[in-house]
Each structure stands twice: as C-alpha cells, then as structure tokens.
2 protein chains.
Amino acid sequence: MTLIDDQNNSPCKDNCPCMDYCPLGSALSLIGGKWKIPILCALFQDGTTRFNELKRKIRGITNTMLASSLKELEEEGLISREQFMEMPLRVEYSLTDDCRDLMPILNQLAHWGAQVHITK
Amino acid sequence: MTLIDDQNNSPCKDNCPCMDYCPLGSALSLIGGKWKIPILCALFQDGTTRFNELKRKIRGITNTMLASSLKELEEEGLISREQFMEMPLRVEYSLTDDCRDLMPILNQLAHWGAQVHITK
DNA sequence: CGGAATCCATGACGATACTG
DNA sequence: CAGTATCGTCATGGATTCCG
C-alpha cells in the first residue's frame, strides 16, 4: 500500500524506488507525453474550447496527436468532452475539477523550473 | 520571455501552449524518463549513496540506465557526484539544494496523484 | 567498483490521406 | 467539423559485453 510521507516531505516512502505502485510516477504519467501540458494550459487559460480551436492555438500539433491526447486525458479524468448534435458537429473540451486542483502544483513546478534554469 | 502568472495560478502564461520556451515543460523534462524519480527518491530517503548501492535499491535498473540517468541528473544540476581516489573505486551521489527545493512540490504531486487514482 | 560501448526492440510521434 | 486509418521515423530504454 502507498504511504506518502508528510513528516519529511519525501515524495513517497516505502513505495519508491522499490515498490510496485508509485503515486508520483502515476501522476507524472498522466501529464506525460509531448502535448498534454500545452493542451491543459490552453484549456486552463481560455476555458471551454473546441477541437479545431485547440488545434489552432497549439502550434505544431497534428490531428492525430490532438485527438489521441484528448482521448487519453479524458480517460484519465483530467478533461471532459461534450458533444453537441448539430451540423456541423461541435465538440467542446474543458478541465475537470481534479485537473484544476493540479494547476497550482504545476505552477509551483514551473516556478522551480524557471529558477533552476537561471542558476544553471 | 517567460511570464509565469501568479494571479490565476496558471502554470504558464503567454508562453504555453504556443511559445518557444515553457518553464513547466523544462522542469518536467528534467525529471522525465523512466528512472529519474526512483533515483531522486532513493537519494532523498537515504542521503549520499554509492553507484552499486543505488543499483541494488532501484530494482530492475541496469548499469547503462543508472549511469546515463545519473549523468543527466548531474548535468541538470539535480545531483552531485563525488569521486574518491581509492581502490576499489568509490563514487558517491547526493541531491543538490536545487533538487531538495523540488521535493516538496513532488510530494504535493504525489498526493494529488494518489487522490485522483482513488476517485477514478 | 563504476562505469562505457554496442546492438536491438519497442513505442511514441509525425505525415498524409480519408470519413461520418 | 471532428476526428480515424495507415504508415514511416526516431528516440527511449533493455541486454549484453567489455574496460580502467
């Protein structure tokens, strides 16, 4: 079972590096891959967004990668998909509450990343 | 230039998803790959550790991957390497201060990961 | 002991074309 | 408009062997 150590701020205890299940690795895998962070950032900044709108904002992404990344993020519970039965078809994506909880943490990570990059 | 938005807790602003440089992507790339988190966790929990000791603790890692991961982490400034001119050779690895600053953030990420996994 | 060198398998990712 | 299908490429990681 997973024990997270709050006493010493260790990311994980008794489960990393040697245990089967690591909640940190699990969390990182959810946002891994080349396009998930840009997608989450776009949805966070602009709110509910349609497929082709996302494709325009995220420069360089292809149909294939946007579609597969969105599908994974939805399966992981980080974004929600709403389809409107209109013609032409309209599909809107937005962040879930779980994902919104994640954003402040990613913000801290970004700050840390900016600092170590400077001092490097 | 990189602007991190503190007002709304967005991981990044004006630089993600469409800008060249993203401090969040940069930070994530530093700890990316299959073995970096286990290595950092091992060093955090047990402090200064030798090469073969790390190899024993991190189950499943090979010489190649441990060596290359350690080298990358050192180049990134997350760990420090000290070599003692003895026979047999002794090399000790430990976390840098920069990396220790990172640990509480990873701890939060682990907590978040544990929660979303439960509710999923 | 602490690696480096080499080769190989796999999966992520990209490009293009096509569809309901 | 919002995707899927197919195929090619390349980076990541694994296995093994060898070296100072």
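Reminder, nothing fancy here: chain letters follow the sequence lines and each chain counts from 1.
Both A:Ile61 and A:Met87 lie close to DNA chain C; mapped to their nearest nucleotides by heavy-atom distance, the more 5′-ward contact belongs to A:Ile61.
If you take CD of A:Glu72 and P of C:dA12, they are 8 Å apart, rounded to a whole angstrom. In this entry the distance linking CG of B:Asn52 with C1' of C:dG3 reads 9 Å, nearest Å. Distance A:Phe51 CZ to D:dT4 P: 8 Å, rounded to the nearest Å. Between A:Lys71 atom NZ and D:dG3 atom P there is a gap of 9 Å when expressed in whole angstrom units. Atom CG of A:Leu54 is separated from atom P of D:dA2 by 9 Å (rounded to the nearest Å). When rounded to the nearest whole Å, the span between CD of B:Glu92 and P of C:dG2 equals 9 Å. Rounded to an integer number of Å, the gap from B:Met65 CE to C:dC7 P is 19 Å. Atom C1' of nucleotide C:dA5 and atom CG of B:Leu66 are separated by 17 Å, given to the nearest angstrom.
The minimum heavy-atom distance linking A:Thr49 with A:Gly47 is given by the pair OG1-O, 2.6 Å.
The base of D:dT16 is paired with the side chain of B:Thr64 by a donor and an acceptor separated by under 3.5 Å.
At a cut-off of 3.5 Å, with distance as the only test, no side-chain donor of B:Ser80 or B:Thr96 sits close to an acceptor on the other residue.
At D:dC1, none of the side-chain N or O atoms of A:Tyr93 fall inside 4.0 Å of OP1 or OP2 (strictly under the cut-off). At the phosphate of C:dC1, neither OP1 nor OP2 sits under 4.0 Å from any side-chain N or O atom of B:Lys55. Between A:Arg90 and D:dG3, a side-chain N or O to OP1/OP2 separation shorter than 4.0 Å is absent. Phosphate proximity of D:dC1 to A:Arg50: absent, as no side-chain N or O sits under 4.0 Å from OP1 or OP2. In this model, the phosphate group of C:dA12 is not approached by any side-chain N or O of A:Trp35 to a distance below 4.0 Å at OP1 or OP2. Neither OP1 nor OP2 of C:dG2 sits under 4.0 Å from any side-chain N or O of B:Arg56.
Picking from C:dG3, D:dT4, D:dC1 the nucleotide with the shortest atom distance to the side chain of A:Asn63 gives D:dT4. In this structure, the nucleotide among D:dG14, C:dC1, C:dA4 sitting nearest to the side chain of B:Pro88 is C:dC1. The nucleotide whose nearest atom lies closest to any side-chain atom of A:Leu89 is, among C:dA4, C:dC13, D:dC1, D:dC1. Of the listed nucleotides (C:dG2, D:dG14, D:dT4), C:dG2 has the atom at the smallest distance from the side chain of B:Val91. Side-chain proximity of A:Thr62 to C:dC1, D:dG14, C:dG14: nearest is C:dG14.
The existence of a salt bridge linking B:Glu76 and B:Lys36 is confirmed by a sub-4.0 Å separation between a basic side-chain nitrogen and an acidic carboxylate oxygen. Salt bridge present: B:Arg90 and B:Glu92 bring a charged side-chain N and a carboxylate O closer than 4.0 Å. By the 4.0 Å N-to-carboxylate-O rule, B:Lys71 lies too far from B:Glu75 to be salt-bridged with it.
Judged purely by atom type and a 3.5 angstrom limit, A:Ser68 uses its side chain to pair as donor or acceptor with the backbone of A:Met65.
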